[in-house]
Structures are given as structure tokens and as C-alpha cells.
Amino acid sequence: MAEAPGQGTESGGDDRARTATVRVFVALAPPDDAKDELARELAPAYEAYPRMRWNRIEDWHITLAFLGELPVETVPLLRPPLAGIAAARRPVQLALRGGGHFDDRVLWSGIDGDLDGLHRLAAEVRAVVKECGIPFEDRPLRPHLTLARARRDDPTSVLEAAAGLAGFTGRRWAAERLHLVGSDYGRGPGPIRYRDIEAWSFARR
């Protein structure tokens, strides 16, 4: 996998070296057929609420640990321990189910299945991040898949779209890989774009 390039920043007008950073998180991703299933369920909402900022289907993910902005030189520290977690674990069995919202502005699909296994995996990921000496905000895990964000002048679309997902129950699927994801572009008013820095398959045994 190609590594996400860093975002250069400079302070003042002096000649101090640029500090390259990348926004990083660790995540799982549904397989394509599970994403297609949810996309079909969302088709009426896509048509009814075109002004919402819909995330690209290829960017859908379940965040296990959001690490924020990291210097690019620290990212390689994460590779060996994350690879070790994946090699020691079988895939977590999950499903997409229902919908909800955060603060009337963020639309999400819920996660069902082996939630205990998902929480254990997230705890292992966060533990190795801390062992690497990388500080991050260790918020409680709220498993979800972010779908869209409403514009500030739109107080109802997210609520209505979430209600439309209430009865959705997706098929069960296995999260086959652990993803280390980076983004340092698309930070303007449009959707953020993501790319894998690296991903590791879970054990098959």
C-alpha cells in the first residue's frame, strides 16, 4: 500500500524545517457486498437529501482508534504491533443495522454482531498505540459507520434519513483486515478523503 503523503506546515517566515503530518486512525471496513446492501437501502435518502455531504461508499469504515494528526515519521512505529494483532486474531463477525445521528448533523448506521469482540479488538489496538508512545484522545468506543453530514442550515435531513434506516438489518459479514488509514487532504468544506497506509489480514485459523 502507498503511504499517505504528509501535510507540510510552516510557522512564521523563518527557515525552520517543515513538519509533515498525517491524520491517522485504525479501522475496520465492511466488504463490498455489505456496503452495496446498505447503499441500496440509502437510495431514497440519496434522492431526498441531495444537499447532505454524503461520504463516498469506498470510505465507509468503523473507527477503532482515532489518533489525530501525527508526524509522518511516527507512523512506521505502528506497523509491527498492528500487524501482530491481526496475525493473532480471527475476523470479527459484524453486521450493519439501523441508523442514528449525532447532534442532528451526522448520520450513521449502527453496528451489530460480535460487539464484545469488537470492543476487545479496539482495546488491544489502543493499548499498542499507547505502548508506541503516541498520545491520542482515548474516547469510549461507540461503534458506527458515518454516512453523511448535514449542512448547518439543514436541521431536519439527518433526523429524517436516520428514521428511514430504523428497520434496516444487513447480513452478517467478517471484518477481514485491520486498516491503518491516513488523510491529509480534502480538509475544506467537502468530504474528507481517506486512503490505506497499510492493512493486515486477520488470521484464518
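Side-chain atoms are counted along with the backbone in the values below, which use heavy atoms only and exclude waters and symmetry mates. Computed from a predicted model, the values in this text were never measured in an experiment.
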>> Can you confirm whether V181 sits close enough to V24 that some side-chain heavy atom of one is under 4.5 Å from a side-chain heavy atom of the other?
In response: no
> For the atom pair CG (L94) and CD1 (I111), what is the distance rounded to the nearest 0.5 Å?
Replying inline: 6.5 Å
>> Are the side chains of F168 and E37 in contact, using a 4.5 Å heavy-atom criterion?
In response: yes
> With a cut-off of 6.0 Å (strictly less than), are more than 12 heavy atoms of other residues, nucleotides or ligands near CG of D103?
Replying inline: no
>> Using the rule given for side chain to side chain contact (heavy atoms under 4.5 Å, CB included), can you reason through F25 versus H179, listing the C-alpha separation, both sets of side-chain angles and the distance that settles it, and then say yes or no?
In response: CA-CA 8 Å; F25 58 91; H179 298 260; over 6 Å; no
> Applying the 4.5 Å side-chain criterion to the ILVMFWY set and letting contacts propagate, would V106 and L96 be lumped into a single cluster?
Replying inline: no
> Hey, mind stepping through M52 and L107 against side chain to side chain contact (heavy atoms under 4.5 Å, CB included) and telling me if it holds?
Replying inline: CA-CA 10 Å; M52 288 175 60; L107 174 68; 4.1 Å; yes
> Relative to each other, are the rings of W108 and F102 parallel, tilted or perpendicular (30° and 60° limits)?
Replying inline: tilted
> Is there side-chain contact between P143 and L141, with heavy atoms separated by less than 4.5 Å?
Replying inline: yes
>> A quick test of your reading: do over 12 heavy atoms of other residues, nucleotides or ligands sit less than 6.0 Å from CZ of R172?
In response: yes
> In Å and rounded to the nearest 0.5 Å, what is the OG to CD distance from S201 to E176?
Replying inline: 7.5 Å
> Does I134 share a hydrophobic cluster with I197, counting links as ILVMFWY side-chain heavy atoms below 4.5 Å and allowing steps through other members?
Replying inline: yes
> Taking C-beta and beyond as the side chain, do R171 and P31 meet within less than 4.5 Å on heavy atoms?
Replying inline: yes
>> Hydrophobic cluster membership, with links at side-chain heavy-atom distances under 4.5 Å among I/L/V/M/F/W/Y: are L180 and I85 in one?
In response: yes
>> Could you report the tightest heavy-atom contact between G170 and A95, atom names first, then the distance?
In response: O-CB, 3.8 Å
>> Between W54 (side chain only) and Y49 (backbone N and O only), is there a donor and an acceptor less than 3.5 Å apart?
In response: yes
> If you round to the nearest 0.5 Å, how far is CH2 of W173 from CG of L28?
Replying inline: 6.5 Å
Validation: residues 115-128 side-chain donor-acceptor distances under 3.5 Å, sequence neighbours left out:
unit_1: E124; atom_1: OE1; unit_2: R89; atom_2: NE; d: 3.3
unit_1: E124; atom_1: OE2; unit_2: R89; atom_2: NE; d: 3.2
unit_1: E124; atom_1: OE2; unit_2: R89; atom_2: NH2; d: 3.2
unit_1: R126; atom_1: NE; unit_2: L64; atom_2: O; d: 2.9
unit_1: R126; atom_1: NH1; unit_2: D138; atom_2: OD1; d: 2.6
unit_1: R126; atom_1: NH1; unit_2: R139; atom_2: O; d: 2.3
unit_1: R126; atom_1: NH2; unit_2: L64; atom_2: O; d: 2.9
unit_1: R126; atom_1: NH2; unit_2: R139; atom_2: O; d: 3.3

>> Could you report the tightest heavy-atom contact between G133 and P135, atom names first, then the distance?
In response: O-CD, 3.4 Å
>> If I compare all heavy atoms of A39 with all of Y46, which pair ends up nearest, and what's the gap?
In response: O-CE1, 3.9 Å
>> If hydrophobic clusters are built by linking Ile, Leu, Val, Met, Phe, Trp and Tyr wherever their side-chain heavy atoms come under 4.5 Å apart, do F202 and W200 end up in the same one?
In response: yes
>> side chain to side chain contact (heavy atoms under 4.5 Å, CB included) for V158 and D104? Distances and angles first, verdict last.
In response: CA-CA 6 Å; V158 162; D104 299 344; 5.7 Å; no
> Closest approach of A86 and L178, non-hydrogen atoms and distance?
Replying inline: CB-CB, 4.4 Å
> So how far is it from H101 NE2 to L165 CG, rounded to the nearest 0.5 Å?
Replying inline: 11.5 Å
>> Treating T63 as the side-chain partner and V26 as the backbone partner, does any N or O pair qualify as donor plus acceptor under 3.5 Å?
In response: no
> Which heavy atom in A174 sits nearest to a heavy atom in P91, and how many Å separate them?
Replying inline: CB-CB, 3.9 Å
> How many angstroms lie between atom CZ of F136 and atom CZ of F66, to the nearest 0.5 angstrom?
Replying inline: 11.5 Å
>> Let me confirm one number: the CG-SG distance from L78 to C132, rounded to the nearest 0.5 Å.
In response: 5.0 Å
>> Donor-acceptor check, side chain of S157 to backbone of D154, threshold 3.5 angstrom: yes or no?
In response: no
>> Test side chain to side chain contact (heavy atoms under 4.5 Å, CB included) on R105 and R152; report intermediate values, then the result.
In response: CA-CA 8 Å; R105 294 210 43 215; R152 294 188 181 277; 3.2 Å; yes
>> Could you check whether D153 pairs with R51 (Lys NZ or Arg NE/NH1/NH2 to Asp/Glu carboxylate O, under 4.0 Å)?
In response: yes
>> Could you check whether any side-chain N or O of N55 sits under 3.5 Å from a backbone N or O of T146, counting only pairs where one atom can act as donor and the other as acceptor?
In response: yes
>> Are R177 and D196 packed together at the side-chain level, in the sense that at least one heavy-atom pair is separated by less than 4.5 angstrom?
In response: yes
